[in-house]
Each structure stands twice: as C-alpha cells, then as structure tokens.
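Here is the structure we will look at.
In this text the structure is predicted, and so the values were computed from the model without any measurement. Here is the naming used below: chain letters follow the sequence lines, and residue numbers restart at 1 for every chain.
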Amino acid sequence: MTASTINTNLASVNESNRKSPLRYLHPATIPKPLRGWVIPALLLILWWATYRFGWTQSQLFVPISKVWETAVRLSSTGELWQSLAASLARDLVGFVIGSLIGLLVGGALGLSRLLEDLIGPTFHTLKQISLFAWIPLISLWFGLGDAAKVAFLALAAFFPVVLNSFEGIRSVPREYIEVARVFAYSRTQLLTRVVLPAALPSIFTGVYLALIYAWLATLGAEYLLTSGLGIGNLLTDGREHFWMDYVILGVIVVGIVGFLLNWIASRVEARLLRWRGRSVAQF
Amino acid sequence: MAHAGTLEINNLSKQYQVKGEALPVLENISLSIKPGEFVSIVGSSGCGKSTLLRLVIGLEHDYKGEILLDGKKIVGTSLDRGIVFQEHRLFPWLTVEQNVGIGLLNAGLSTAQKNKSVQEHIELVGLKGFETAYPYQLSGGMSQRVAIARALVNRPEVLLLDEPFGALDALTRTHLQQELQRIWEAEGITAILVTHDVEEAVYLSDRVVVMQPRPGRIKRIVDVPLARPRDRGSFAFSQIKDDVLSEFSDTPRGDIALVQPQETLGANWQFAW
C-alpha cells in the first residue's frame, strides 16, 4: 500500500467519524471550563426528575424546590449566614492556631536531631490516636462551647502540618546545603534562603491538608459538641426534627465551602510555588 | 579581571573511616598550580579526584598535609574559591539572575554593584535574555552555564570544576568546552577540572594530571604544549590524547613502566563523591 492510499483511507475514517450522529455526545466536545459541571448538572436534573415524574413518595427525601425555599428563607432571616459565619470563624481560628503550633513543632523536629529524639516518639504515638477519641477528653477539659471546638480543630490541623513540615525540612537535598556552604552562608541565611524555600512545597502540602481537615473537623465538632451556632448544628436540628430540607441544605453548604477553601488554597499554592512549572505529561 | 590564585598542594593524604577501619582515598598528593593555569585531573572512578576537589573547595576536612592558596592554608569554604558541580545544583525556586546572585550574598557589594556583576556574568556565559527564566525552563547545557556564572560571579581566584559536563550530551559538551575555554581566557582565572573525559582534559588544559586509584595517587602529569584554540583532529592533539589514554590501558606502551595492579578492597567499594 502506498503512502497516498493510506492517507486516503485515514481521511475516509476521519470522514465517517465526523458524520456519526453520536459525535455530539462525546464528552470531549464539551468546552473545558464546563466539563467539571457535567456531573453536578446531571445530579440536579435527576433530582428534579425524581419529583417531576413522581418516582418516590419517601419522607426521607425532599424536592429540590423545597430545599431552595428553605435556603431562601434561612438566608433572609439571617439564620443561614449566622451559622455559616460561626462555623467559618471557628474553622479559621482552629486552623490558624493548629497550623502555627504545627509549624513550630515540625520546624523544631526537622532542624534538631536532639528534639526529634526527645519529642518524636511521643508525637508519633499521639498521631496514631483517632481524632475523635480526643473528644471526650476535650469536652471534659474545655466544656462544650467554642473553646472545646477550637481545641479540637487545632488538633486536627496540627498533625498534618507537623508531619509535612518535618518531612520537608529533612528532605532538603544535601547538594543545596553544600552550595550554601560554598558561598559561606551563615546559619540564618542557610535556613531562610535554602532550607525554607526547599521545604516549602512539603510545608504547603501540610497546611493544605490542615485546611481540609479543619473544615471536616468543624462539622465533627459541631455535631458532637452540640451547643451554639454552626452549620453542623443546622444539620443536627434538621435530623432531630426530621427536616430533610435542612439536612440537604446543610450538606450542600458544607460541600460548597469545602470546594471554595480548596480552590483558594490551590490558587495560593500555584502563586507561591510557580517555580515548579506545570506538568505537561499526557497519557 | 580577577586575581588568579596560586594553588599549592603538599603531601596531601585523606582517609575515610568505614566501619571502624581506615580507608585511604588520597595518598601523598603534591601538586603546584600556577596563577592562570588550567589543570585537569583525570582518573577512573574511585581514584579520589572528586575528593581532592572537595578538599580544595573546603567541603571536606580532616586531611594530612597542606593546601595553600597564595601561600595561605585554606580553612573551610570561601568566596575566593568557586566550584561547578556535576549536577547544576541551581535552586529551582529562583530565577536565573537570582541563582547567579546568591553567590554575592556575602560579597559585601552594593545592590547596584551586585546587579552589574550578575548581568555581566550572565552575558559572559551567553544567557542574556534568560534572566527571569526558572531552572525548570532551561536545558541541561543552559543550567550548567548558569552554574558556571554563579561560580564566577564572586570573581574567585580559583575555579574548580567537578565533571561539569559529564551529564550532557556529546554535542552540548563539545560546545560548552569551547565556551569554558573562552570564559577561562576572558577571566584569566586559575582552573582545576576533574573529568573522566581524556579528550576534554587535553582540549582544555595546560597540564593533565593522571590519577590512579586505591589509594588515589598521582600517576603522571602530562604537559599539553599546544596553542589555543586546539584542533581535536590534529596529529599533535591525538598523540597527547593517546599518551594520556595509554595510562588507562591494560597493555601499556613500551616507554611506560608496567604498573602493578593494586590490591583490591574485598568489597565492591565505590566512591563517587
């Protein structure tokens, strides 16, 4: 077969593909920025269709319109925003406290073999304890109020930051340290100009995980230490009164907040670590 | 032009402790390098040539003998000695100009002087226009050029090169050898190149030091009395290259004394630092 016939054959294959009526359904025809919306949109349509066509009479589910009405009502009375603000404030305070202490501890463990020997074994034992196993202790020590919740959140944020900043500092390549020695860097210069930037990707991973864990723990804390305001309390109320619209609204709000936190963190990461470049691997 | 240093190595010996046993890596090295001279050190893996360079730069300690720069014993690392490693070792979080600039952190210059020096050295290695590129955007050869600029930016008295082109492809390597020669001539600096590429050594050097392993010793020093730029294809070049290469072959030429094979260390020791 000559090259020209191969080309002709290939062209006809392409031609027949182009004519297929199914080609409009191929996911690749969806513009890239919209692809992530496909599954949420399908779920919403399914949800709407469930009531539109009367597929269920269950008390355990509500129509999309009911949830929307509840959302509008709760936001106009301010209840939704108050709950959200209370949860976010708690999340932020716990995250900041836990991360800062985590950075200090992780940095100390990473920079000092002596401290690693002293603190390391205790830390590695404590981190094995399930986060929720701390709740009884925390509620006894701090009560059921905000102090207890923030303490729990701080704990959730603390562990990933310690682990990743420790790991990041310990895996700074010896080659970089030698470059710093060749240029007669002081210890401070070595730490601020070599160790810190080299460890930053790993430290960032820790902070990023802390952000996610803290938000997860916010809900856990509000659910288990039930007092005061919060999205978690909204969920608890909904469950206790059998208000499915409350429950589903709560779940959606929690998801949206998580998504936004994730998005902010990845923007910050992309900016801070722009020197890493973008992976161009294709499979 | 930078002041070129005189390097004097007298009876230098170095040993490592491996599982409580002393393992000699360098034995009785004496070498005198004139200001502005280009000296290459060639030898097979494990002959201690990189260790020798690391002692001169000051990254290794605990040696016997003397290493003198302009008559003064070297202590630790110092800005008067610059080095290019086999890997470029650029900091990935800094741009090209920032990477060159890190060498000047402790140089005691004003910001304007620093910027000027950085700019000059980026131009010297032919990377004008790439000042704000990050290392991940550079090829291996370009990265190594940045590393050369970084090593020279302090205007050191001695430039040490530890197999700087070993990881590059043959074409890039040949090109960078020419570039290195041009840079060395422009800077008028004393240079010591560690390599296992005999042609590279003969092309660049005034003298080629041949080392033999276990323990690392100087076997022979070969003069290269050829005018620069050198023609790799010329008869005189090939003759000197063959002469150096014959030091590595199992069947030595008639005019070279047979070297007794050294007692090997039982284990498969391989030192690559």
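Of the two parts of B:Ile57, only the side chain, counted from C-beta on, holds a non-hydrogen atom closer than 4.5 Å to a non-hydrogen atom of chain A. With a 4.5 angstrom heavy-atom cutoff, B:Leu90 touches chain A only via backbone atoms. The contact between B:Glu87 and chain A is made entirely by side chain atoms (from C-beta outward), counting heavy-atom distances below 4.5 Å.
A perpendicular orientation is assigned to the rings of A:Phe123 and A:Phe158, their planes being inclined by more than 60° (bins at 30° and 60°).
Ion pairing of B:Glu187 with B:Arg182 is absent here, as no side-chain N (NZ or NE/NH1/NH2) approaches a carboxylate O to less than 4.0 Å.
By the 6.0 Å contact criterion, CZ on A:Arg35 is enclosed, its count of non-hydrogen atoms from other residues, nucleotides or ligands being greater than 12. Within 6.0 Å of the CZ atom in B:Phe130, the count of heavy atoms belonging to other residues, nucleotides or ligands does not exceed 12.
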